[in-house]
Number of protein chains: 2
Amino acid sequence: MFRATIQITLRPSILDPQGKAVAHAVASLGVAGVKDVRMGKHVEVTFDGLSEEQARGATEEICKKLLANPVMEDFRFNVERVA
Amino acid sequence: MFRATIQITLRPSILDPQGKAVAHAVASLGVAGVKDVRMGKHVEVTFDGLSEEQARGATEEICKKLLANPVMEDFRFNVERVA
């Protein structure tokens, strides 16, 4: 089996109000030194019965068609074998 | 400056209805071989004026006090220098 670990992040030019809210909350906690916070999605997809290459292709397709908004978001992933 | 890249994931024993919904949507797309999908959060925190060790300590504190629910979620992070 293979597991794809996917990070979906807002493009740098897109404002991130959720990240700004977290940055304010961090300041309220009294943690200093935080310059910026950006929020994104983390997705783990487990494949069964596919080769590593097929799992990579399927992950790319899932990201493009379903998980990421290509106008606002970037995605990157890596695929590794799991027991 | 240092940037912490944080992954927050549901503990394996916790049901993930959002992941199940994505798995169904993937099947509807016609992508075969997906056994499981788990959703989580991806957070990038940029620190300014802190040492690497201070950035690690601040990240740990932010995760424990603010970002992760310790009953249901695990977190892991790495800190790297950015320009």
Side-chain angles (χ1 to χ4, degrees), chain A residues 1-10 12 16 18-68 73-77 79 82, chain B residues 1-10 12 16 18-19 21-68 73-79 82:
Chain A
M1 294 200 297
F2 290 94
R3 179 173 300 143
T5 305
I6 306 164
Q7 283 96 45
I8 299 167
T9 50
L10 281 173
D16 181 0
Q18 192 187 3
K20 286 270 176 277
V22 169
H24 281 286
V26 167
S28 305
L29 270 182
V31 177
V34 171
K35 193 183 172 221
D36 192 33
V37 179
R38 302 284 289 177
M39 305 293 293
K41 287 178 278 189
H42 171 89
V43 190
E44 292 175 4
V45 182
T46 309
F47 295 97
D48 200 3
L50 299 187
S51 70
E52 182 168 353
E53 201 174 326
Q54 288 171 323
R56 283 186 188 283
T59 304
E60 184 107 16
E61 189 176 354
I62 292 168
C63 286
K64 284 188 176 164
K65 291 189 178 167
L66 187 69
L67 293 174
E73 294 173 326
D74 292 317
F75 66 87
R76 58 185 190 278
F77 64 87
V79 173
V82 289
Chain B
M1 291 200 299
F2 290 93
R3 179 173 299 144
T5 306
I6 305 164
Q7 284 95 43
I8 299 167
T9 51
L10 281 173
D16 180 2
Q18 192 186 2
V22 170
H24 281 287
V26 168
S28 306
L29 270 183
V31 178
V34 171
K35 195 183 169 223
D36 192 33
V37 179
R38 303 283 290 178
M39 305 293 292
K41 287 178 279 188
H42 171 90
V43 189
E44 292 175 4
V45 182
T46 309
F47 295 97
D48 200 3
L50 299 188
S51 69
E52 183 169 353
E53 199 174 328
Q54 287 172 325
R56 284 187 187 283
T59 304
E60 183 107 17
E61 189 176 352
I62 292 168
C63 287
K64 284 188 175 162
K65 291 190 179 167
L66 187 70
L67 294 174
E73 293 173 326
D74 292 318
F75 66 88
R76 56 186 191 278
F77 63 86
N78 67 320
V79 173
V82 291

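- Q18(B) CD: 12 or fewer foreign heavy atoms inside a 6.0 Å radius.
- Below 4.5 Å, heavy atoms of chain B meet heavy atoms from A25(A), V26(A), L29(A), V31(A), A32(A), G33(A), V34(A), K35(A), D36(A), all part of residues 23-36 of chain A.
- Here the CZ atom belonging to R38(B) is positioned 13.0 Å from the OG1 atom belonging to T5(A), to the nearest 0.5 angstrom.
- Looking at heavy atoms from C-beta onward, Q7(A) lies in side-chain contact with H42(B) at the 4.5 angstrom threshold.
- Proximity to chain B is limited to the side chain of L67(A), based on heavy atoms less than 4.5 angstrom apart.
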